[in-house]
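Presented below is the structure to which this report refers.
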Amino acid sequence: MPLDKWPCVPDTFSSVLPGDLPFFLQTGATHALGRAVSIIDPYEGRRFDAIERFDSYERFCRCLRGGYRDQLVSTNWDAKCTECDMLVAEHLCAHSHEFQNALMPVTRYRCYMGLEEVATTISVGGLSVMVVSGQFRPSEGLSDVNTAISCLGVRSPQQYEVSQAMWESICRFNFPNELWMGAVVKEEEQIHLLCYAEELQMVAEGFEAELVQEAQRIEEIAQNYYDMAKGEVEARIMREISAAVSEATACKAENLWDSVSDALDVLMRELNVEYVAFFSGRAERDTVLTLKASAGSLPRVSEGASFPHFNWRKAGIRTQDERDTPTQVRDWTSVSLGDHELIDLGFRGGANPFPLSACLIPVRLPGGPFAALVIGPQLAGVNLVDYESFVMTACRDLATRVLTLQLAQILEQDRSDWENSSRLTGHRVRASIQSMQSQLNTVRAVQTGEPGFIAADRDTAEKDLQIAFQDLREISYAAESSVPGAFDVKIARRESVPLGDIVWDAVEAQRDLADENGIEIEVSEGISKLPPVYVNPTLMRFAFINLINNGLKYSYPRQKDRKRILRVQPPHRPFDPDEVGVEIVNFGLGIKQADRTRIFEWGVRLAKGASTFREVYGKGIGLWEVKHIIEGHGGRVSVSSVHHSREPVTDQNITQCITVFTVLLLADMRPHTVEGGRHAN
Amino acid sequence: MPIKVLWVEEEPQSLRYEMKLAEQQGWEITAVATASEALELMNDAAFDLVVVDLILPADSFQLQRGLVDPEVGMQLITSIRDPGRKGCTLPDVPLLVITAVVSPRQKAQVVEKLTSDRYYLTKPLQNEVYREVLIELTQAWDPSKHSPL
């Protein structure tokens, strides 16, 4: 019987769960959520989820001991289990990160959050049970289980003995020895399991569709991060352009020659200009000045300084027409030096007080660096000092245009990189899905005796299926962390920012939506006084926007004579003194207890009414991203939901609730940081 | 007479089932993994149909390093359609695109060069749609246009 929920069980599961492993138990979304339990019973095709239910293990053990098939879904157990090694499993799961040098035969894998988790097998009532300490991402789970089982060596259909290492590990925990017995597969179980193995040859219906959905989710995440990062890159580039323009424009001191000198300095530095030449007349001999970038400031012409002459021919500069000499050139912008796009930037006219006789031509010296030539005048007897404002304007203009062009090219390159990265992720995901689908179709075709398909096709297809699984698993990580820049929280650029500023920005971003819904966002004074945090401001702002958006979405709208408020405030409950926190409080539907951990999981969407998963909002990735971002910065995020009367919300009462999302981040306590942000009084 | 098909796909095994179905329709498939290989083969032999993925390694250098280029498939299609290309005998050879790329801009550019927008299929393939296209292309094949070098 195929399973219809994740972890999905395709036909190759026969190689994953061999005959002596009738159950596996998945526990904990993270180390902090060690009570989340999913019990998969592939034989019966059932899945049992029990989140934060303390009696889950006990029920599980009892049902195994007492004949599980009819009792797995029973609710009559509450006894404390002391007759098997489930407590060891619990310990293992809760402390998986401590098992760096474990003697216990565990295998490691990465959960969907990228954390290292462990998997092992335990014995319950004489049955082997696979225990994994964290949640799988669907696409990678099977492969991990397979790896775990292979590593642990439980594939033998025969009874296996507890290894010495495991035995020592058991002793460490001081559990009674009788709790540890070798897993024994009873004969009747083996028969059942053989039947089960046959059933597993059939691929679950809808398997491909679920994979495609998963692929789309990965693409959405990639696109989301791409958009964020793109926005950040654009903002940075615009800041740089603005700074460059300001720098060029700032050259307006009273002393024009100094200004020109400054402007040229900027020009030379920013554009890698090596030569600047002034011509006082038509002839080459009229060249009055050459400079190298390294020569420093421009000497004052008016002071009669001696200037070396600039030799066009020695510099290797050629005009378009060989017959043209500097004395004959009329249209300077048509000078061709083999770099046409630079000629296009030629400055002519405009603010030039001598429009017919002067222009500025940016060129690239053959085989050399960038150069800018300021040409003119061609009228005799004109004092170069008169050209100061023109030269300065020309320099500014050129600097602005060239810098803008260069930065635009960088921006375009960044954009192109991100687009390609996003597309390639999509390509790889879809190609893997395509391969898995094709292999499964091949297996089916062999099974059903389709003409042209032979048994050998099936063997190859199964091997390729495993490869495709592995690829998809790797891509899943790539979608979360391997794309450069802001994509990966851990490597994202960080800075010290008052948390209040980030929260205020997020509030302002959601103000319009709040107004539309008739909800007032009330920000307490304490927010503006929050100390700085060392974070990536874009990502953190995104996280708070998401939380506020979520609060607005699940608030009751304004009714007659009743104002609705979403409150943003420092936490009321005590927390670590090194931490800084924010609460986002909304009044609305509430979130039932069983759902509070799940809402942060990948792809989980709360239903309207919060009591079922039927009608869904959003893509189910918003709160996952929030958690990803907050935890990626070493922080924590949690949610609580109570009635106005302060009763905890249970599964039965979920109306008129106060729901509080609490974010705690490490404060940046370094001495150079200043408390309070731009909103502080 | 079999339909000679050049299938350009970085990972042909990912379309194992689809290729089998095509072979059952009488397609004689030559699978290559890079654009340069495809062009070389097209210089040496005429094909009745070319199946192309848009994201491909340009050459064996890229293939060996697991690199793909999102623009290579489009460049390959442009080359195939270029009557001035050296060795080009059938610039109007029918093309079938099977790709994961779904960018509307690129799709529009590619579809312009196809006989029908039905011949642009997105991975993962929908079996029914693929089978229909397969049959359609097979039935539309005109042996008289086949011109082996």
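Predicted model, so just to flag it, every value in this text is computed and none were measured. Residue numbering restarts at 1 for every chain, and letters A, B, ... go by the order of the sequence lines.
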Are S438(A) and E18(B) close enough that some pair of their side-chain heavy atoms sits under 4.5 Å apart?
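Yes. Closest side-chain heavy atoms under 4.5 Å.
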Tell me whether E132(B) at atom CD has more than 12 heavy atoms from other residues, nucleotides or ligands lying less than 6.0 Å away.
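Yes, CD of E132(B) has more than 12 neighbouring heavy atoms, counting only those of other groups under 6.0 Å.
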Test of understanding: with salt bridge (charged side-chain N to carboxylate O under 4.0 Å, His left out), list the residues that count as partners of R131(B), not counting sequence neighbours.
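Expected list: none.
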Step-by-step side chain to side chain contact (heavy atoms under 4.5 Å, CB included) determination, E450(A) to L21(B):
CA-CA 10 Å; E450(A) 248 182 72; L21(B) 291 185; 4.1 Å; yes
Closest heavy-atom pair and its distance - Q439(A), S14(B)
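The answer is NE2-CA, 4.0 Å.
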Donor-acceptor check, side chain of K20(B) to backbone of F453(A), threshold 3.5 angstrom: yes or no?
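Not a single qualifying donor-acceptor pair exists.
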Would a distance-only check, ignoring hydrogens and angles, find a side-chain to backbone donor-acceptor pair under 3.5 Å from Q434(A) to L125(B)?
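Judged by distance alone, yes, a pair lies under 3.5 Å.
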With chain A as the partner chain, list the residues of residues 23-40 of chain B whose heavy atoms fall under 4.5 Å from it, by residue number, and write 'none' if nothing qualifies.
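So the qualifying residues are Q24(B).
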Are the charged groups of R16(B) and D464(A) less than 4.0 angstrom apart, N to O?
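Answer for the salt bridge query: yes.
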